[in-house]
Visitor: 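Would you mind keeping the following structure in view while I ask a few things?
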Amino acid sequence: MAVKKEKHTMPEQKPKDRIKNFNEVPYGYDEKTAIEEAKRCLNCKNRPCVNGCPVEIDIPDFIKQIAEGNFNKAVEILKTKTSLPAVCGRVCPYENQCEGECTLLKIGEPVAIGRLERFLADYERKKGVKIPKIAKSTGKKVVVVGAGPAGLTCAGDLAKMGHKVTVYEALHDPGGVLMYGIPEFRLPKEIVKAEVDYISKLGADIVYDVVVGKTITVEELMEDFDAIFIGTGAGLPRWLRIPGENYDGVYSANEFLTRVNMMKAYRFPEYDTPIKIGKVVATFGAGNVAMDCARTSLRLGAEKSYILYRRSEKEMPARNEEIEHAKEEGVIFKLLTNPVRFIGDDKGILKEVECIKMELGEPDESGRRRPIPVKGSEFKIKIDTALVAIGQSPNPLIPKSVKGLKIGKRGNIETDEEGRTNIPCVFAGGDIATGAATVILAMGAGKRAARAIDKYLKSKK
Ligand code: FAD
């Protein structure tokens with residue numbers, strides 16, 4: 001039988017409805033659609049999709065089980081390599097990873113691996129999550145700093161290996177960016193909480209409201225634990241560095257999304273965290289963070305939500321699905337446009353942004369064509385709120401506070417492929433080592449570091 005060339009469509013909320021609520025946009029496949037989609041998999045011998053997965057999930061194996069209706073077996077295969085499948089099935093950039101390697105791309109669309117992963121994770125959550133066998137206690141103690149995807153993955157894997165794991169998290173909730181950054185309509189908080197609950201059930205203790213580097217130092221932790229994993233992420237906002245960035249109404253994407261997500265400003269008046277939106281919002285940048293800001297502002301009542309980006313659509317770093325969703329919801333894209341200054345009133349309140357048109361020149365060191373200002377093309381847009389989403393740098397607290405720890409040029413902790421730093425008992429991974437990247441890369445780093453920590457602990461016996 002000929003293989004269907006397109007993925008089975010994902011059912012989702014209509015744009016006109018979803019911009020009025022924060023409920024998740026896609027509904028997920030039902031069992032019948034999941035089986036039909038799984039049957040598109042060719043089960044290739046060379047398994048190119050597995051090579052594209054940073055956590056090495058046995059993709060064709062779990063898909064085969066779905067195709068045969070053996071969902072429990074499929075979940076078991078999936079969970080041997082990932083502890084966060086409901087998260088990855090929603091936010092992973094599959095198009096550049098597993099799906100980007102799928103043989104079906106030669107004739108049409110790849111197998112919808114991400115949607116199948118999400119289907120299985122949701123199926124398991126409804127049926128009740130099984131806890132795998134935990135190895136006998138090794139008597140070794142490991143501390144994980146930061147409960148984002150890197151730290152949680154490392155903690156879960158180490159706990160399964162029989163080590164005693166304690167996670168110290170600065171905030172009052174776990175998940176890192178999954179909780180404070182990615183909005184509810186893309187990744188419901190209940191789903192993150194359920195996956196964190198699974199990690200806790202594996203035996204990892206999570207302690208909240210501990211800022212390592214302030215509440216307790218890494219040196220003090222070295223005295224109490226046999227090894228340390230640092231997964232503190234990249235939460236330091238980058239700014240445009242143009243005049244007027246201090247006006248009331250200009251937010252970093254981080255502050256804006258944290259207020260909305262973690263501090264629950266989106267549930268006003270039930271929660272009274274202040275957030276100012278106004279009628280016209282301009283988001284600067286074109287990555288996933290920018291799309292999240294622009295789409296969130298529409299849901300908070302903005303009449304116009306702009307994305308302003310200095311390059312063209314081709315160079316936008318956001319996932320295709322995020323760009324498509326933003327367009328469907330009415331976000332207005334002003335491309336080849338760069339802000340020059342913010343303009344405020346005499347009370348310091350933001351009123352306008354002055355921009356300049358750009359054109360693309362020769363490729364720069366990133367391989368993308370360099371944007372060049374077009375002389376005399378300045379123009380102004382009246383705005384109430386500006387959201388700066390042009391990137392984040394590694395959190396500086398730990399890199400700055402640990403004596404002798406080797407730090408890279410971008411303020412990142414330097415590690416080898418397995419997460420080893422220059423201090424033997426200290427390991428690191430995720431955005432704190434790579435700079436802002438993706439959930440699955442952070443998880444992959446956490447996984448490799450867990451193996452390296454296990455090896456290190458065994459070598460100390
Ligand atoms: P984080 O998720 O940042 O977690 C670090 C944790 O460490 C946090 O909980 C923090 O509170 C804690 N911490 C920091 N300092 C300390 C300290 N001193 N002591 C104790 N705890 C500390 N990636 C995708 O793959 N797909 C997407 O769709 C996507 N969308 C995104 C949208 C937004 C808005 C943002 C900001 C990022 C997005 N990303 C996306 C990127 C992805 O979320 C990150 O790459 C990933 O979360 C990095 O994981 P991490 O564990 O390294 O760090």
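These figures come from a predicted structure and were not determined experimentally. Along the sequence shown, the residues carry numbers beginning at 1. Just so you know, ligand 1 is whichever comes first in the structure, and atom 1 is the first atom listed for that ligand.
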Visitor: Restricting to non-hydrogen atoms, name the atom on Asp173 and the atom on Tyr208 that form the minimum distance, rounded to 0.1 Å.
Guide: C-CE2, 3.7 Å
Visitor: For the pair Arg451 and Glu56, find out whether any cationic side-chain nitrogen is under 4.0 Å from an anionic carboxylate oxygen.
Guide: yes
Visitor: Answer whether the closest heavy-atom distance between the side chains of Ser83 and Leu152 falls below 4.5 Å.
Guide: no
Visitor: Give a yes or no on this: more than 12 heavy atoms of other residues, nucleotides or ligands lie within 6.0 Å of atom CG of Asp272.
Guide: no
Visitor: Considering only residues two or more places apart or on different chains, which pairs with a residue in residues 210-226 satisfy salt bridge (charged side-chain N to carboxylate O under 4.0 Å, His left out)?
Guide: none
Visitor: Tell me which protein heavy atom sits closest to atom 38 (C) of ligand 1, plus the residue, atom name and distance to 0.1 Å.
Guide: Val177 CG1, 3.9 Å
Visitor: Report the part of Arg186 in contact with ligand 1, treating N, CA, C, O as backbone and CB onward as side chain, heavy atoms under 4.0 Å; options are side chain, backbone, both, neither.
Guide: side chain
Visitor: Who's the nearest protein heavy-atom neighbour of atom 4 (O) of ligand 1, and how far?
Guide: Gly148 CA, 3.4 Å
Visitor: Salt bridge or not between Arg125 and Asp122? Use side-chain N to carboxylate O under 4.0 Å.
Guide: yes
Visitor: If you count the atoms of ligand 1 from 1 in the order shown, which ones are under 4.0 Å from a heavy atom of Gly430?
Guide: 52 (O)
Visitor: Among Ala437, Ala436, Gly181, which one puts a heavy atom closest to atom 39 (N) of ligand 1?
Guide: Ala437
Visitor: Please list, in number order, the atoms of ligand 1 under 4.0 Å from a heavy atom of Ile182.
Guide: 29 (C), 30 (N), 31 (C), 32 (C)
Visitor: Looking only at protein heavy atoms, which one is nearest to atom 32 (C) of ligand 1, and what is the separation?
Guide: Asp292 OD2, 3.2 Å
Visitor: Among the heavy atoms of Gly213, does any lie under 4.0 Å from an atom of ligand 1?
Guide: no
Visitor: What heavy-atom pair brings Val55 and Lys81 nearest, and what distance separates the two atoms?
Guide: O-CB, 3.6 Å
Visitor: Does the distance from a Lys or Arg side-chain N to an Asp or Glu carboxylate O, for Glu329 and Arg299, drop under 4.0 Å?
Guide: yes
Visitor: Could you tell me, atom by atom, which parts of ligand 1 come under 4.0 Å of a heavy atom of Pro93?
Guide: 25 (O)
Visitor: Centre of Tyr198's six-membered ring, under 6.0 Å away, within 45 degrees of the axis: is that where NZ or CZ of Lys79 sits?
Guide: yes
Visitor: Could you walk me through whether Met222 and Val426 satisfy the side chain to side chain contact (heavy atoms under 4.5 Å, CB included) test, starting with their C-alpha distance in whole Å, then the side-chain angles of each, then the deciding distance to 0.1 Å, before giving a yes or no?
Guide: CA-CA 8 Å; Met222 282 180 192; Val426 180; 3.6 Å; yes
Visitor: I want to check a possible cation-pi pair here: Arg448 against Phe427, using under 6.0 Å from ring centre and within 45° of the ring axis as the test.
Guide: no
Visitor: So which protein heavy atom does atom 53 (O) of ligand 1 come closest to, and at what separation?
Guide: Gly233 CA, 3.3 Å
Visitor: Looking only at distances, please establish whether an N/O atom of ligand 1 is found under 3.5 Å from an N/O atom of Val439.
Guide: yes
Visitor: Among Leu187, Val91, Val210, Thr232, which one has a heavy atom closest to atom 20 (C) of ligand 1?
Guide: Val210
Visitor: Please classify the Leu152 to ligand 1 contact at 4.0 Å (heavy-atom distances, strictly less than): side chain, backbone, both or neither.
Guide: neither
Visitor: Considering heavy atoms of the protein only, find what lies nearest to atom 18 (N) of ligand 1 and give residue, atom and distance to 0.1 Å.
Guide: Val212 O, 2.8 Å
Visitor: To which protein heavy atom is atom 10 (C) of ligand 1 closest, and what is the distance rounded to 0.1 Å?
Guide: Glu169 OE2, 3.5 Å
Visitor: Does any N or O of ligand 1 fall below 3.5 Å from an N or O anywhere on Ala150, backbone included?
Guide: yes
Visitor: Aromatic ring centroids of Phe185 and Tyr266 under 6.0 Å?
Guide: no
Visitor: Looking at non-hydrogen atoms alone, which of Ile432, Asp431, Leu257 comes nearest to atom 44 (C) of ligand 1?
Guide: Asp431
Visitor: Counting neighbours of CE on Met263 that are heavy atoms of other residues, nucleotides or ligands and sit closer than 6.0 Å, is the number greater than 12?
Guide: no
Visitor: For ligand 1, which part of Asn395 has a heavy atom less than 4.0 Å away: the side chain, the backbone, both, or neither?
Guide: side chain
Visitor: Might you point out which heavy atoms bring His325 and Val25 nearest each other, and give the distance in Å?
Guide: NE2-CG1, 3.9 Å
Visitor: Against heavy atoms of Val211, which atoms of ligand 1 measure under 4.0 Å?
Guide: 18 (N), 19 (N)
Visitor: Near Ala442, which atoms of ligand 1 are under 4.0 Å from a heavy atom of that residue?
Guide: 48 (C), 49 (O), 52 (O)
Visitor: Side chain or backbone, does Pro149 bring an N or O within less than 3.5 Å of an N or O on ligand 1?
Guide: yes
Visitor: With ring pair (Phe, Tyr, Trp, His ring centres under 6.0 Å) as the test, pick out the partner of Phe284 among Phe342, Tyr251, Tyr309.
Guide: Phe342
Visitor: If you count the atoms of ligand 1 from 1 in the order shown, which ones are under 4.0 Å from a heavy atom of Val145?
Guide: 19 (N), 20 (C)
Visitor: Considering the heavy atoms of Gly176, write down every atom of ligand 1 situated less than 4.0 Å from one of them.
Guide: 2 (O), 4 (O), 8 (C), 9 (O)
Visitor: As an exercise, identify every atom of ligand 1 less than 4.0 angstrom from a heavy atom of Gly231.
Guide: 5 (C), 6 (C), 7 (O)
Visitor: Among protein heavy atoms, which lies nearest atom 21 (N) of ligand 1, and at what distance?
Guide: Ala170 N, 3.1 Å
Visitor: Can you pull out the closest protein heavy atom to atom 7 (O) of ligand 1? Residue, atom name and distance to 0.1 Å, please.
Guide: Gly146 CA, 3.2 Å
